[in-house]
Structures are given as C-alpha cells and as structure tokens.
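Everything on this sheet refers to the single structure shown next.
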Amino acid sequence: MKRQLDLFKDIDKTVVVLYLVMVLMGWFNIFAAEITESNRSIFDISQSYGKQLLWIITAFILGATVLMIDVKFYPTFSYLIYGLLAVILVGVLFFGTEINASKSWFRIGGFAIQPAEFAKYATALALAKFIGDAKTRTPGWGLRLKAFAIIGLPAVLIILQNDMGTALVFGSLLFALYRSGYVGTSLLIVAATAIFLFILTLVINEFIIIGILAGITLVAAFVIRKKRHELLQLFGLFIILSVYVYTVDYAFENLLQPHQKLRIEVLIDEEVDLRGAGYNLHQSKIAIGSGGFWGKGYLQGTQTKYNFVPEQGTDFIFCTIGEEWGFAGSFVLVGLFLWLLIRLVNMAERQRSTFSRVFGYCVVSFMFFHFAINIGMTIGLVPVIGIPLPFFSYGGSSLWGFTFMLFTFLKLDSRRLDLL
Amino acid sequence: MLSPANTNYYVKRKNVIIGIILLTGLLFLLRLFHLQMMDHTYKLSASNNVLRYITDYPARGLVYDRNGELLVYNEAHYDLMVIPHQVRDIDTTEFCMLLGIDRDIFETRLQRARRHSPFRASLFERQISKDTYAGFQEKLFRFQGFFVQPRTLRSYPQPIAAHTLGYVGEVGPEVVANDPYYRSGDYIGISGLERSYEEVLRGQKGMRIRMVDVLNRDAGPYMQGRYDTLSVPGDDLFLTLDHALQIYGEQLMQNKRGSIVAIEPASGEILALVTAPSYDPNLLVGRVRGENYRELQNTPTKPLFNRALMAQYPPGSVFKIVNTLIALQEGVINLNTTYSCPGAYFSGGISVRCRSHPGPVDMLRSIQYSCNTYSCITFRNTIDKPGFGSIQQGLSNWRNHVRSFGLGQVFGSDLPFELSGLVVSPDYYDRVYGSRGWRSLTIISLAIGQGELGTTPMQLANLAATVANRGHYHTPHMVKAIRNQNDTLAGVESQRNQTTVDPRHFEAMAEAMHLVVREGTGAFSRIPGIEMAGKTGTVQNPHGENHSVFVAFAPAHDPKIAISVIVENAGYGSTWAAPIASLMVEKYLNGSIERHWFEQRILEANFLNR
Ligand SMILES: [Zn+2]
C-alpha cells in the first residue's frame, strides 16, 4: 500500500486531471468523427474509436509505469535512449511500412507505430541532459552547435522518411534553447522575420516585397544618414533579405514537390484546388463555421459526417469539435491547452535541476507546436501540415509519445527537491 | 527557495514564451469567433440546411466516321439517389408504387446504401424512365433523402462497328481503388475505342454544391456557386472508318464467320473493320447491358469475339507473298528463276501437293498459279542458304524479315486487345525436335503458310497495304482526329515502318498479284474498270471446311485501298473471300455495285452451320 501511495505522491494533480479530461474528450470526438453506422458500439475494436480505447488504456498503463521508474533513471539513460531511437529511425528507413507516402511506420498486426513520435521524447531527454551537464549560462558556439546537432539528427532522419510535418516539430525546441540561453532574443526575432517573410513571399510577388524592403531601407537610410557605419549595415541587411525572399520564391517554384506546393498555395487561395487540399480546408471551415455558438450537439454534426474531410479522426479532429460543440466547445478546448501549457511552463520554472527544467520546456515546445500548427491548419491560418492534435487525434504513437513526455515530467517534478 | 544563479539567469524569458502561447491562443479564439459567430458564409445550421454534393457528369465525347457521319451520341437518363442519413418520415407505400418496386426491395436497397455510407449519396434505382422521373419530380419534396442525378448513356444511330466502338460500363472496385478520378458508380470505357480513348472521351467531372432545406427542397447553390466546378464535356473522335463501307462489309458478311479489314495504304487509316457475327451496340447500354452481355456470351457463334484483331489463322498461300519477297531479297531467286512442277513437291519421303497448272513457273507465275512446288523449293533455299552455318541462323534471319512486315507482333494501334499472331523462333523447334533434330524439310509447311504460323485479319490487310506501298506500311489506326471543346481539330499521326525487303522486289510482287486477278486464281473476281491486285489463300482447317482467304489492293498502280477477307469454313479463297474483297473495293472506289448477281450470291451465302 505504501508503495502505491508513493507512486502518486507529489504528482501535480491539475496536470493529471487536465490530461484525463483531454484524452477522454478526444476519444468521444473520434467516435463522433468516424462513426458510420448508427448502431455501432463505441467499443468496437474493428473501428478506429475502438482501437483508440485500447491505445488510451495502454497509455494509462504506460503513464503509471513511467511514474514507478526511479527518477534518476532519466538523466542517467538519456543518451542511451536517444541513441536507441536514432538506430530505430534508421531501421524504419529500411524495414518500415509506407503509409500516406511516408515510410515512417512499423506495422504490428492491425496497429501501426511511428517511431518518429518517440524520437521527440528521446530528443527532449538528450537535450535536457546536454544542457544540464554543460553548466553554463553563456554557452559558446561549440556548445550551441552540439545542441543543434542533437536536435538536427532525428529531424534529418525523419525528413528522409518523407515525413516533413513531424520533422518540422523539432524546430519548436527553439523555445527550450531560448530559455536556456542557447538562442538569443535576436535569433528569435530573425526566426520570426524569416517565417513572416516566407509566408509574405508566397502571397505577394517577390519583386514587390523587395521593392517594399527597398523603400523601408531608403527611409531608414535617410533617418540615419549621418552614421556611415550603420548605413553600411542597413544596406547589408537589405541585400540579405532580398536574396532570402528571392530564394524562398525560387525554392517554392522549383524545389517543392507538387503536393507540398499545393498545401501552401491552398492556404493563400483556397480556390486553387477545391478537389484536393483546398477542398479539405474549405470543408473543414464549413464544418467549424456551421457550429455557431453552441454547436449542433454531440453526434449531431452533419458536415463532418460526409467524410469529405479526409484524416477526420486524425489531423482534422478539431472540425468535429468545432461543429458539434460550437464556439463554446472550441473555447473550452483552446482554454484547456493554454491552461496546461502555462501550468507546465510554471512547473518547469520551479525545477531546481537544469535537466528537469529544460525537459519541461521541451515538453511545452512540442505540445505548443502541435497545438498551434494543428488547429491553425484546420481554421486556415497555417499551411496544411499533417501533424496530430495532442491527446485528441486518433493514433497510438502520438498519444503514447505525449503520455511518455508528460508523465516523465510529472515524475521529475514530483522529485524536484531530490534532483539537482 | 534554493536556486542556482545560472538557472534563473534567463528567467524573464519565461514571460516571452508565455506571451507567445497566450497570443497564439488569443489569435485562435478571434479566428474561431469570426468563423463561428460573425461570418455567416459558413453558417448553414441556422436554417438547418444541409449541403448536397451533386456530381456533374460530363457528356462523353461524340464519335464520327471519316466523313463526319455520327456513329455514337449520348442520351439523357436519370438515376435515383439516396442519402440514408437524411431519409425520414417518408410514405414508403406511395414511394414503392411510384417506382414499381416491393417494400422488401426498398428496405434491402436502403440497407445496402446505409452500409456503403449513411452520409454519402448511393445509387438507389438506376436509369429510371422519363415517365417515372416526371412523377417523381413533383413529389420529391415528400421523399426526404432522395434526389435525382442526371446522367447520359451511349446511343448508336446505326447498329454497326460494335467491336470497334466498344462499350461503357460502371467502374470496378479495382479501378476506384487505384485511380482517384473514379468514384463508385462512375462510367468507364471497357472495350474498343471507349477503352483506348477513355481519357479523351470522358471529359472532366464537375461538382455542384446545393443547399437543401428540411423539406428536401433545393434552396439554391451554395455561396452562389462559388465552389462549384463545371464539368467539361469529353472530346469528340473522328474515325478513319468509312461508315458506308463498314455497313456494306457487315452486310456481305451476314450469316458468315470471319472478318474484313480495309486499310488506306498511304496512311494506315482503317476504312472498315468487320467482324462477323457481330451484335447491335445498343444492346450493351444501360440497365439491360448485364443481361444482354450474358446472353451474347452464351451464343455459340461468339458474337463478342473481335475476330478482326483477335482471331489468329495460318495465312495459307497468302503467305507466299512474304516468302517470295524474302527469297528475292536474299538473292536465292531472281525474276527469271524457273522451276518445273510435277504436280507436287517431293523430298525425303514428303510430298506437298500442288494444283494442276500450266508448265514450269517463274516467280510471277508461281504467285499467279500459287504453285506449292515453287514455294517449297525457294523456302528451303532461303533457310539453307550457304553462309548461315546452321538452320537456326537461317530461320532466325527469315523470322526477322517476317517480323518486319508487322507479323508475329502487335502493331500498337489505338484499338485495345490486338493479338500478336505467331511467328515462332528456332528455339521452338529446338525444344520440339532437339537442336540437331530438324532441318528445312521439317518445317516445309511454313513455305505454304501452314504449320506454326498465326496471323490476324488486320495483319493480313496490312500485308496487302505493304505491297501496295512497295515496301513500307503505316501503323494501322482507327482515330483520324480529335476535336476538343474549343473546336480545334488535332490530327493523329501514325508511324511509318519500313520492311527489310527492297522496294524493287515489291514492284515485282505487285505485278505478280495483279496477274493473279487478271488471269490467275483470282480472275473470277475481276472488277470491270478497276485494276485490282491480290492473292488467294485456302487455309487447311483440321476442324472442318477450309477457311477462304484473300488479300488485295486496288487500283494496282495507284492503290487507294488494301483489304483482307477471311471467311471461315467457306472453302477456296477464290470462290468466297476474293469476291467479297472485290465487292468492297468496287463499293469504295465506285460508290456503287454493278455486278448485281455477283453481290446477290454473296448476300445469300450462309456458312454458319458448317
Ligand atoms: Zn505447282
């Protein structure tokens, strides 16, 4: 008995409750999205919602197991786990199964597992270990490069599996690096500018943007015309930005594969291809928009039932929530995610060990990125990138991966006074 | 709290991160508020409308003959569709009465549709009649969940060229799974030109999004049709076929088994492609197709079998054209080479009989009288020509020449399901007799077009075209031009193929074939006013009466038409196939027939029961 009590001792109850609420909400929504015949049971394991129940139960068991493991285990075996996952990622390139054009799955019976989801966990451990061991608040270029390499290796392997969406997720660790001083505020601004200019380039002709940049440069040059040194820097910046804009345009036109290009074009003008990607986005917006304030009620959605939005249970699960639960439900869902994320940020800050803190921020980074990209894409704010909504989307790999991460952090947090 | 200084060094950055998270959440909520509360574009539920996606099926392209005569067009019909999820409170009795079905059938079909998808439209009743449609249209609002989907079906003004035109049917599950264009219930070309030109003929499907209110009434296009895509009708085909010649050919072949293929030598355009017996293409359209298809499949005369492209016969004496040309090319004979004929070819205990004919023959006479002795000698000399070293080499060399005539391989024409015929390689005989167990005498039947040889009627017509062209042929094809929706006509070019035999030898062969019709085995079929060149053949048939074969081209010195005729179980080539070919040529070149008794004899002949 004592041991069982120990298991949950000092575990953050709020996070556990938020986790349970989201997972169960997710399950009910998968049922709503995927149900095809009115008399099917929610427990039918030939259907996705039945399978999801199995995933959920196993995720609970995994979560409990993670809590039982000694807290010292994680920093000790971080690199080992990371190395193991890297080997598996290479293995899947050769022995994996191809699903939706990306060769990133291992198939076991009727279930498919995507090692890339667990690579996030391993990378978070390795990064936390690395930054924790570095014990410096002003990392030099050598340390920074090593940190980037830890993130870059799995990302590259996943790109090789042709799974661009999941690879992009690793970019979110910029937040964790930022908080640890490995990335300065200026780099964050540069990254933001790069993303902003990237999207702008796809919307507006690249020469107009370069023209606008030239205009701004000239005005700025007039303002600082007395300072020759800064003037030089200004013109240098202008040239770099112009080249960047032109390169982005060139890369978009010539290097992207047609389906990748289409996904981005669709964001800009959804009428480009109503049958393909734009059609999904349009359907998704109709479904969400038709929800109104209170929604149509559970299982009462009509749009999501047409099956016109593919990946309804996975990447487009938010449609069902928007349609059946309306703005009220969407508000609750966004609220739950914000609550969980900010709670996790605050928990990360209260860690005494750098390892735990960095790991906490990695969890926040991944979860935030998934949340932002997934919902952003269903409501037409970001390009359609196929990554799941944590705890909601159908699929065991994603649920297991996030459960691992969350419960590991809960365990670390519960022993925060023991770890240094 | 104890905190090492370095961990809290960047603690203010926490606020930046929380700021970004909150900002994103706020942005999402604003966007959602706009989508769900402000923007009424996406709000259908207010009036409880639902969207209905109606596929806009394009009309398939039309098909015309070479003179613009319409061969295939479309007729409108209506499919009754159901969306099971939306079916509620309908008067089943009245519904069943209107449609003329049982209640049980109603329930079964609804159940089947529900299994397919409760939320997507399924076919409930295929091709309802115009009357039923009219009755339904008025009462449709009382049958929630049902709607009518306009479609088109193929129709044929004249019941000709069934095998060439082919037919259209619903796509199978395999195609649906592999080609994203097709949805279950779509039509696709299954055979003939409908198959090979599917992508040209089908056009592009469109999609209309309609709003439907609670009373199953159409509430207009969704967002003024902004998201509708228009269907694009299919492109039209102009065939190389001459419909008058085709009709005439089918008449001549009535009550016979066999085939006529006519080609314009200069272009490779197929003028007529007759397979007998045939069927009325209108039989394989619409809801009666399945039943009629089964019936045709079970007919003993095999009307579905496309003989012109798929029947493979030994060519018989017609093949002497090829063998003689090869012998000339290999130099084993010249125009003056003469052999005497004792009424049969004797060698090594084997004899090949010949028909009685005047005296020793040179190359021209050998074709004119179709002398087997001459053919056997020259064939053996060709295969055993000194310098090859082995019989395998000799036969290989011969086979390469034969294949250059388009024999033993498919043309790759624009018609599906051509067969290649058969021209065996030395390996075949090595397997049968062992590599040292055979010599030229073993395969002597090849000399007279018998044995291990198979040719299709189209290949034989092409052989005639090749001689007409003095040594080359254009790949036979059926489509002359494609007219797209902008009314621009794109011509279809076909490849020119050169044989391995010198044109001057062909000149001699053309002369010999001219002799055949002027005063040789084909003299019975001379056409007044037209110089025709041809070659008769009689194909030994172990299963019954011999097949009658004839190939020809005309006019002999400026060929406009090349033709092959095969009449199964009819006997000599000179008595049935040649007259039919001559009538076709006369019809094509003169437009009418003068030899009425001659025509009558053919029309009345019946070889079906042999
Ligand atoms: Zn003879």
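Only a predicted model underlies this, so the values are computations on that prediction, with no experimental measurement involved. No hydrogens, no waters, no symmetry mates; every other heavy atom, side chains included, goes into these values. Numbered from 1 within each chain, the chains take letters A, B, ... in sequence-line order.
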Determine the interplanar angle of the B:Phe33 and A:Phe327 rings, folded into 0 to 90°, and report it as parallel if under 30°, tilted if 30 to 60°, perpendicular if over 60°.
perpendicular
Under 4.5 Å from a heavy atom of chain B, the part of A:Phe368 involved
side chain
Heavy atoms of other groups near B:Phe106 CZ, more than 12 under 6.0 Å
yes
Can you establish whether the number of heavy atoms outside B:Gln485 located under 6.0 Å from its atom CD is more than 12?
yes
Can you find a pair of side-chain heavy atoms, one from B:Ile17 and one from A:Tyr178, that are under 4.5 Å apart?
yes
Against chain A, work out which of B:Ile20, B:Leu29, B:Val16, B:Leu27 has the most heavy-atom pairs shorter than 4.5 Å and name it.
B:Leu29
What are the two closest heavy atoms between B:Gln36 and A:Gly326, and how far apart are they?
NE2-C, 3.5 Å
If you apply the rule side chain to side chain contact (heavy atoms under 4.5 Å, CB included), what do you find for B:Leu22 with A:Ile342, and how did you get there?
CA-CA 9 Å; B:Leu22 285 176; A:Ile342 290 168; 3.4 Å; yes
Expected output: side-chain A:Arg179 to main-chain B:Lys14 donor-acceptor under 3.5 Å
no
With a 4.5 angstrom heavy-atom cut-off, could you sort out which part of A:Ser180 is near chain B: side chain, backbone, both or neither?
backbone
Turns out that what part of A:Val358 lies under 4.5 Å from chain B's heavy atoms comes down to neither
Whatever's closer than 4.5 Å to a heavy atom in chain A on B:Ile18 counts as side chain
B:Ile21 vs A:Phe337 side-chain heavy atoms within contact, under 4.5 Å:
no
Decide yes or no on side chain to side chain contact (heavy atoms under 4.5 Å, CB included) for B:Leu32 and A:Phe318, but give the supporting numbers first.
CA-CA 11 Å; B:Leu32 283 163; A:Phe318 186 70; 3.7 Å; yes
Tell me which of these, A:Ala348, A:Gly335, A:Ala372, A:Ser365, has more heavy-atom pairs under 4.5 Å with chain B than the rest.
A:Ala372
Drop me the distance from A:Thr378's OG1 to B:Phe28's CZ, to the nearest 0.5 angstrom.
7.5 Å
